Novice: 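Handing you a structure now.
First the proteins, then the strands, lettered A, B, ... as listed; each starts at 1. These figures come from a predicted structure and were not determined experimentally.
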Protein chains: 2
Amino acid sequence: MPTVSKEDYLKTIYQRIEEGEQASTSSIARTLKVSNAAATDMLKKLSLQGFVNYKKYKGVSLTAKGRKEALSLLRRHRLWELFLMKVLKLKWDEVHKEAELLEHKTSEKLIDKIDQYLNHPKFDPHGAPIPDKRGVLPKEKKFIRLDAAKENKIYTIVKVNDKDDELIRYFAEIGFKLNTKFEVKKIFNIDGTITVKNKKGQFNLSPVVAKNIFVREVRK
Amino acid sequence: MPTVSKEDYLKTIYQRIEEGEQASTSSIARTLKVSNAAATDMLKKLSLQGFVNYKKYKGVSLTAKGRKEALSLLRRHRLWELFLMKVLKLKWDEVHKEAELLEHKTSEKLIDKIDQYLNHPKFDPHGAPIPDKRGVLPKEKKFIRLDAAKENKIYTIVKVNDKDDELIRYFAEIGFKLNTKFEVKKIFNIDGTITVKNKKGQFNLSPVVAKNIFVREVRK
DNA sequence: TTAAAAAATTAAGTATGCTTAAATTTAAAA
DNA sequence: TTTTAAATTTAAGCATACTTAATTTTTTAA
């Protein structure tokens with residue numbers, strides 16, 4: 001059993017790689033808000049324990065064992081998020097932080113009960129896929145990043161990045177919840193700002209924000 | 001905010017004192033399964049941080065601040081136990097261990113939602129009183145320890161000691177759940193063994209076991 | 001292709017919460 | 001009351017997961 005810290009590292013590495021980016025020491029350190037030295041240190045330990053493939057200066061990847069742990073933690077995180085929101089009525093922008101704490105202290109027995117209670121859900125409140133008991137991910141709907149959308153088309157929100165509470169709060173505020181529709185009105189070439197319109201009104205989204213919203217084109 | 005370890009120490013001290021026993025260094029160490037040296041160490045830290053009154057060789061007691069933390073943790077523990085059992089259908093003898101983990105990672109916001117969901121319950125599945133948001137304990141029903149019961153009388157179970165999973169499993173096995181009736185058939189003077197009878201059958205309980213069951217006399 | 005910049009690692013040191021062993025204080029028994 | 005036993009504390013040391021500062025390796029750009 002990995003420690004709390006080790007679980008966090010494994011999750012971070014998994015998510016970096018899943019996002020198609022490389023899991024560099026400094027990117028891991030940045031995500032976990034620790035020094036590069038701490039990350040290097042931990043990568044060595046994780047390697048020694050067979051959770052990652054790690055060669056000095058050559059980057060890191062997960063072993064099957066490490067991937068299994070990462071998926072287990074993601075499962076716990078995402079089931080908690082959904083449970084807290086659906087059953088205990090916590091807000092969309094509150095569940096991430098709470099789940100982050102509970103996930104490390106949740107037995108397999110308990111998480112299976114939660115899974116059962118929710119009837120084996122496939123996606124969490126932010127659209128992220130929930131691995132099943134064996135670590136198998138459900139197939140996701142096709143989506144593109146909002147910063148790759150086109151003018152004058154209608155989209156629906158498939159997924160949002162849930163790693164930033166402030167961002168989630170902002171999405172909620174402008175009515176950008178899961179499965180809601182909006183139109184891309186204009187994209188400014190100069191800086192990539194995107195003007196969107198939904199039932200809450202019209203908003204300008206910076207490309208940095210838009211990168212964190214994943215959408216699918218829909219008919220009018 | 002106390003750390004996880006500190007919360008555990010405060011809870012242990014509170015429970016020792018609540019039980020009318022003194023909270024000696026070694027009793028705390030025994031409960032928490034650490035060395036006496038570790039307990040001494042921690043008592044010094046807790047004292048420095050204003051959670052306990054501690055004088056070398058003179059024992060320890062909680063300050064108002066320490067008591068508040070202990071009651072907060074007990075609240076979280078007991079609400080989780082009830083929630084896990086009632087909502088997520090975990091077994092009577094499973095909830096203690098799970099709650100022990102979750103209690104430390106539960107925000108006030110979350111525990112208030114759980115309290116609300118359960119409609120502000122007053123007792124946990126083992127009969128222990130649940131402190132309210134302000135730390136006020138509900139009034140308990142009168143009870144005596146089973147080892148002080150009398151022959152040929154009928155009792156009902158008001159509370160059991162929930163600190164030992166094996167014991168709880170045994171209680172469940174012999175039908176000794178909360179609010180169930182049984183009769184004390186015989187008490188052996190030689191060693192204090194108590195013969196009890198309920199709808200599951202007749203059993204001999206050692207005085208060590210009987211000390212962990214709290215009962216109230218009822219009419220036939 | 002080499003110099004500078006960036007990334008990664010090593011080294012030294014810290015806080016927390018443990019351990020065992022030795023020393024001290026208190027309590028109990030002779 | 002003194003000796004012995006029990007409880008407690010102190011001392012020294014360990015593992016985990018951090019920190020900053022210095023060093024090394026890799027990458028980028030001139």
Side-chain angles (χ1 to χ4, degrees), chain A residues 1-14 16-17 19-62 65-66 69-70 73 100-101 103-105, chain B residues 1-14 16-17 19-62 65-66 69-70 73 100-101 103-105:
Chain A
M1 271 285 122
T3 62
V4 168
S5 271
K6 281 176 185 144
E7 285 189 330
D8 281 333
Y9 277 87
L10 293 174
K11 182 170 72 165
T12 301
I13 296 165
Y14 178 87
R16 293 293 302 177
I17 290 168
E19 281 165 8
E21 328 239 349
Q22 35 141 15
S24 66
T25 302
S26 49
S27 73
I28 295 165
R30 207 177 316 119
T31 304
L32 293 172
K33 294 180 174 48
V34 299
S35 67
N36 287 355
T40 299
D41 227 60
M42 186 59 100
L43 292 181
K44 281 199 267 181
K45 288 184 204 159
L46 287 169
S47 177
L48 233 89
Q49 294 174 174
F51 291 109
V52 301
N53 305 115
Y54 171 67
K55 279 269 168 66
K56 264 203 262 183
Y57 296 105
K58 298 298 178 198
V60 70
S61 64
L62 294 174
K65 182 178 168 190
E69 286 298 338
L73 188 63
E100 201 86 332
L101 298 173
E103 60 185 5
H104 298 292
K105 300 295 165 181
Chain B
M1 272 281 124
T3 62
V4 168
S5 270
K6 282 177 185 145
E7 285 189 330
D8 281 334
Y9 277 87
L10 293 174
K11 180 169 75 167
T12 301
I13 296 166
Y14 178 88
R16 294 293 302 176
I17 291 170
E19 280 164 11
E21 328 240 349
Q22 35 141 15
S24 68
T25 301
S26 48
S27 72
I28 296 165
R30 208 179 316 118
T31 305
L32 293 173
K33 295 179 175 46
V34 298
S35 67
N36 287 354
T40 299
D41 227 61
M42 186 59 98
L43 292 181
K44 280 199 267 180
K45 287 183 205 163
L46 288 170
S47 177
L48 233 88
Q49 294 174 169
F51 291 110
V52 303
N53 304 115
Y54 173 66
K55 277 270 168 65
K56 266 204 260 181
Y57 296 105
K58 297 298 179 200
V60 70
S61 64
L62 294 174
K65 182 179 167 188
E69 286 298 337
L73 188 64
E100 201 86 330
L101 297 174
E103 60 185 6
H104 297 292
K105 301 294 164 180

Novice: Atom CD of Gln22(A) and atom C1' of dT27(D): how far apart are they, to the nearest Å?
Specialist: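 So the two atoms are 12 Å apart, to the nearest Å.
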Novice: Grab the CE-P distance between Met42(B) and dA15(C) for me, whole Å please.
Specialist: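 It works out to 15 Å between those atoms.
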Novice: Base, sugar-phosphate alone, or nothing: which one does Ala37(B) contact when heavy atoms must sit under 4.0 Å apart?
Specialist: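 Base: the residue Ala37(B), judged by heavy atoms under 4.0 Å, touches a nucleobase.
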Novice: What is the distance from OH of Tyr9(A) to P of dA17(D), rounded to the nearest Å?
Specialist: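 Rounded to the whole Å, the gap is 9 Å.
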Novice: When you measure from the side-chain N and O atoms of Thr40(A) to the phosphate of dT10(C), is any distance below 4.0 Å, counting only OP1 and OP2?
Specialist: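 Negative; the distance criterion is not met.
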Novice: Please report the distance, rounded to the nearest Å, between CG in Leu10(B) and P in dG17(C).
Specialist: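 Whole-Å distance recorded here is 11 Å.
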Novice: Measure across Ser35(B) and Ala29(B) and return the closest heavy-atom pair with its distance rounded to 0.1 Å.
Specialist: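 Nearest pair, atom of Ser35(B) first, then Ala29(B): O-CB, 3.7 Å.
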Novice: Identify which nucleotide among dT9(C), dA17(D), dT9(D) has an atom closest to any side-chain atom of Thr25(B), counting heavy atoms from C-beta outward.
Specialist: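 For the Thr25(B) side chain, the nearest candidate turns out to be dT9(D).
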Novice: Any idea which of dC18(C), dT9(D), dG17(C) is nearest the Ala38(B) side chain?
Specialist: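 Selected nucleotide: dC18(C).
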Novice: Over all strands shown, is Lys44(B) touching base, sugar-phosphate only, or nothing at heavy-atom distances under 4.0 angstrom?
Specialist: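 Answer is sugar-phosphate: Lys44(B) comes under 4.0 Å of backbone atoms only.
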Novice: Using heavy atoms to find the nearest nucleotide of DNA chain D for Lys58(A) and Ser5(A) separately, return the residue whose nucleotide is more 5′.
Specialist: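 Result: Ser5(A).
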Novice: Please pick, from dT10(D), dT25(C), dT9(C), the nucleotide with the shortest atom-to-atom distance to any side-chain atom of Lys56(B).
Specialist: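 Selected nucleotide (nearest to the side chain): dT10(D).
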Novice: Are the side chains of Glu103(A) and Lys11(A) in contact, using a 4.5 Å heavy-atom criterion?
Specialist: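 Sidechains of Glu103(A) and Lys11(A): in contact.
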Novice: Could you report the tightest heavy-atom contact between Leu10(A) and Ala70(A), atom names first, then the distance?
Specialist: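 In terms of heavy atoms, the two residues are closest at O-CB, 3.7 Å.
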Novice: Shortest non-hydrogen contact from Thr31(A) to Arg16(A)?
Specialist: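 Nearest heavy atoms, Thr31(A) then Arg16(A): OG1-CD, 4.5 Å.
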Novice: Could you tell me the separation between the CE atom of Met42(A) and the CZ atom of Phe51(A), rounded to the nearest 0.5 Å?
Specialist: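 It comes to 10.5 Å.
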Novice: Take atom CZ of Arg30(A) and atom C1' of dA7(C), then tell me their distance rounded to the nearest Å.
Specialist: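 In whole Å, dA7(C) C1' and Arg30(A) CZ are 11 Å from each other.
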Novice: Grab the CD-P distance between Gln49(A) and dA17(D) for me, whole Å please.
Specialist: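 Atom CD in Gln49(A) sits about 8 Å away from atom P in dA17(D).
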Novice: Measure from CG on Asp41(A) to C1' on dA21(D) and round the result to the nearest Å.
Specialist: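 Whole-Å distance recorded here is 15 Å.
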Novice: Does Ser26(A) have a side-chain nitrogen or oxygen under 4.0 Å from the phosphate oxygens OP1 or OP2 of dA6(C)?
Specialist: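 Result: no.
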Novice: Look at Ser24(A) and dA7(C) and indicate whether a side-chain polar atom (N or O) is within less than 4.0 Å of OP1 or OP2.
Specialist: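 No, because none of the side-chain N or O atoms of Ser24(A) sits under 4.0 Å from OP1 or OP2 of dA7(C).
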Novice: For the pair made of OH in Tyr57(B) and P in dA27(C), what is the distance, rounded to whole Å?
Specialist: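 Going from OH in Tyr57(B) over to P in dA27(C) covers 11 Å.
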Novice: Please classify the nucleic acid contact of Ser35(B) as base, sugar-phosphate, or nothing, using heavy-atom distances under 4.0 Å.
Specialist: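 Touches a base.
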